[in-house]
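Chain A is the first sequence line, chain B the second, and so forth, proteins listed ahead of strands; every chain is numbered from 1.
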Amino acid sequence: MPELPEVETVRAGLSRSWIGRTIECVELRRAGLRFPFPENLDTELTGRRIEGIRRRAKYLQIDLDDGRVLLSHLGMSGRWTLDASTSEGKHDHVVLHLDDGSISVYNDARRFGVLDLYEGESHRLLDHLGPEPLGEWDAQQLHEKLNRRRSPVKIAILDQKVVVGVGNIYVCEALNRCGISPTRLACDITIEECGTLVIEIKKILAEAIQAGGSTLKDFAAVDGTLGYFPHQFKVYGKEGDPCDCGGTVERIPQGGRSTFWCPSCQT
DNA sequence: AGATATTCCTGGAGGC
DNA sequence: TGCCTCCAGGAATATC
């Protein structure tokens, strides 16, 4: 499941191949993914040159030469494959033919992804989003958001209005590094603890981007060979394993998903 | 407004 | 081997 670091690496990979290219032909193999595609998406994209690719939260914003933006979210299993040799895979939903003769394929088994076209600054999926964790994000901002929430801190951090891009894996890892129990109420997290959380979240995301950049310098994330980064997790998926502190990693359900944590050192 | 439940979807894992 | 059930999860959406 791509989290922010994965999306950032995909952005870098796509940028290298796509920027400056013109889309010559678009094949839509179905009418939509999570949401229906906008009307005539294929012809609207045809002839457009790609001028840049930005990222907001886990959304990719592909800037086109007519001022419009192609919005792409990978959902759980979405994947852009560049220089595809075939576009006949089982879940190949969208195919772009570029003016250098290459073929880019969007594949998404679970179809939680999004592909949309918009113009201007505003989009319904972007407008409500909270701060970027790797931007000017600090303890004060986090504390203000957590302050008025009575849900567990782990659930609150997953809320895109609190901070964007921190998914289930990295919130578990960050709380473990900070020694904070995922079951604590958000409003009980002190400003000092918010400071630690902000620092650790920034660090863990930056490390993951670094790992992606070095391990996947050939942009494996978008050439179809890899869905996960070979990243070392301390608690995520480690139920029953020993924690560094000597305790044992446990798994508990929170909001219908799994939280991995160590009750010995996270209090 | 905030909390909670539901929803989308398929592949993979475990049980028998 | 095969069938069945359950689970994973981002995040919008509806409901209370």
Side-chain angles (χ1 to χ4, degrees), chain A residues 1-11 29-38 55-61 71-80 89-94 106-116 118 122-133 142-174 182-189 201 205 208 221 224-229 231 233 235-240 249-261:
Chain A
M1 75 256 14
E3 294 214 31
L4 189 148
E6 287 81 355
V7 177
E8 181 56 30
T9 301
V10 169
R11 189 197 62 76
R29 301 272 169 78
R30 52 185 312 117
L33 296 165
R34 179 162 184 205
F35 305 110
F37 293 139
R55 179 190 59 75
R56 175 76 172 103
K58 296 177 188 168
Y59 292 91
L60 293 168
Q61 298 159 294
L71 190 71
S72 171
H73 192 293
L74 303 174
M76 289 296 304
S77 54
R79 182 169 310 186
W80 277 106
K90 188 168 180 194
H91 302 289
D92 291 346
H93 304 309
V94 178
Y106 181 76
N107 180 288
D108 191 351
R110 288 175 220 181
R111 304 210 299 269
F112 277 18
V114 171
L115 208 58
D116 201 5
Y118 71 102
S122 168
H123 188 283
R124 68 181 179 95
L125 298 176
L126 304 177
D127 292 343
H128 66 281
L129 293 175
E132 286 286 333
L142 179 59
H143 191 250
E144 245 165 59
K145 300 273 194 188
L146 296 186
N147 223 353
R148 59 194 69 161
R149 292 181 174 252
R150 298 193 55 78
S151 56
V153 58
K154 190 256 190 172
I155 304 276
I157 291 174
L158 285 175
D159 189 323
Q160 301 298 290
K161 291 193 283 297
V162 172
V163 62
V164 301
V166 183
N168 201 38
I169 294 176
Y170 292 120
V171 69
C172 290
E173 295 297 316
T183 64
R184 295 254 310 272
L185 290 188
C187 54
D188 290 341
I189 303 297
I201 288 173
L205 294 178
T225 59
L226 193 61
Y228 289 84
F229 287 106
H231 196 76
F233 300 127
V235 289
Y236 187 82
K238 303 285 186 186
E239 181 181 16
V249 176
E250 289 187 7
R251 181 168 65 94
I252 55 169
Q254 281 188 299
R257 354 210 87 98
S258 288
T259 296
F260 295 90
W261 70 299

Check nucleotides 13-15 of chain C against the protein and report each pair of N or O atoms closer than 3.5 Å, with its distance, or say if there are none.
| residue | atom | partner | partner atom | Å |
| --- | --- | --- | --- | --- |
| dT13(C) | OP1 | R124(A) | NH1 | 2.6 |

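- DNA chain B is contacted by both R150(A) and R257(A); R150(A) maps to the nucleotide lying nearer its 5′ end (nearest heavy atom per residue).
- No more than 12 heavy atoms of other residues, nucleotides or ligands sit less than 6.0 Å from atom CZ of R150(A).
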* Could you walk me through whether H123(A) and L71(A) pass the side-chain contact (heavy atoms from CB on, under 4.5 Å) check? -> CA-CA 9 Å; H123(A) 188 283; L71(A) 190 71; 3.7 Å; yes

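- One finds no salt bridge joining E6(A) and K58(A) here, because no Lys/Arg side-chain nitrogen approaches an Asp/Glu carboxylate oxygen to under 4.0 Å.
- Distance check, rounded to the nearest 0.5 Å: CZ of R30(A) to CZ of F37(A) gives 8.0 Å.
- Checking the phosphate oxygens (OP1, OP2) of dT10(B), no side-chain nitrogen or oxygen of H91(A) falls inside 4.0 Å.
- Remark: Y170(A) is not in phosphate contact with dG10(C), judged by side-chain N or O atoms under 4.0 Å from OP1 or OP2.
- Close to dG9(C), at under 4.0 Å from its OP1 or OP2, lies a side-chain N or O of Y236(A).
- Residue K90(A) is in sugar-phosphate contact alone, with no base atom involved, counting any heavy-atom pair closer than 4.0 Å across all strands shown.
- Counting any heavy atom pair closer than 4.0 Å across all strands shown, R111(A) reaches sugar-phosphate atoms only and no base atom.
- Atom CG in D108(A) sits about 16 Å away from atom P in dC8(B), given to the nearest Å.
- Note: CE (M76(A)) to P (dT10(B)) measures 14 Å, nearest angstrom.
- Between Q254(A) atom CD and dA3(B) atom P the separation is 14 Å, expressed in whole Å.
- In this entry the distance linking CD1 of I155(A) with P of dA11(C) reads 14 Å, nearest Å.
- When rounded to the nearest whole Å, the span between CZ of R79(A) and C1' of dG11(B) equals 12 Å.
- Atom pair L71(A):CG and dA11(C):C1' shows a separation of 13 Å (rounding to whole Å applied).
- Summarising the geometry, the separation between CD on Q160(A) and C1' on dG10(C) is reported as 7 Å, rounded to the nearest angstrom.
- Salt bridge status for D159(A) with K145(A): absent, with no side-chain N to carboxylate O gap under 4.0 Å.
- Between H73(A) and Y59(A), the ring planes are perpendicular. Angles over 60° get that label, and only those under 30° would be called parallel.
- Atom pair D159(A):CG and dA3(B):C1' shows a separation of 10 Å (rounding to whole Å applied).
- Heavy atoms of R30(A) sit nowhere under 4.0 angstrom from any nucleic acid atom.
- Which of dA12(C), dC9(B), dG10(C) sits closest to the side chain of Y59(A) comes down to dA12(C).
- With no hydrogens or angles considered, no side-chain donor-acceptor pair links Y118(A) and D116(A) at under 3.5 Å.
- The aromatic ring of F112(A) does not sit over the base of dA11(C), since the test of centres under 5.5 Å and planes under 30° is not met.
- Comparing dA12(C), dG2(B), dA11(C) by their nearest atom to the side chain of K58(A) picks out dA11(C).
- Picking from dG9(C), dA12(C), dG11(B) the nucleotide with the shortest atom distance to the side chain of N168(A) gives dG9(C).
- For S151(A), no side-chain nitrogen or oxygen approaches OP1 or OP2 of dG2(B) to under 4.0 Å.
- Checked by atom type, the side-chain pair H93(A)/N107(A) shows no donor-acceptor distance below 3.5 Å.
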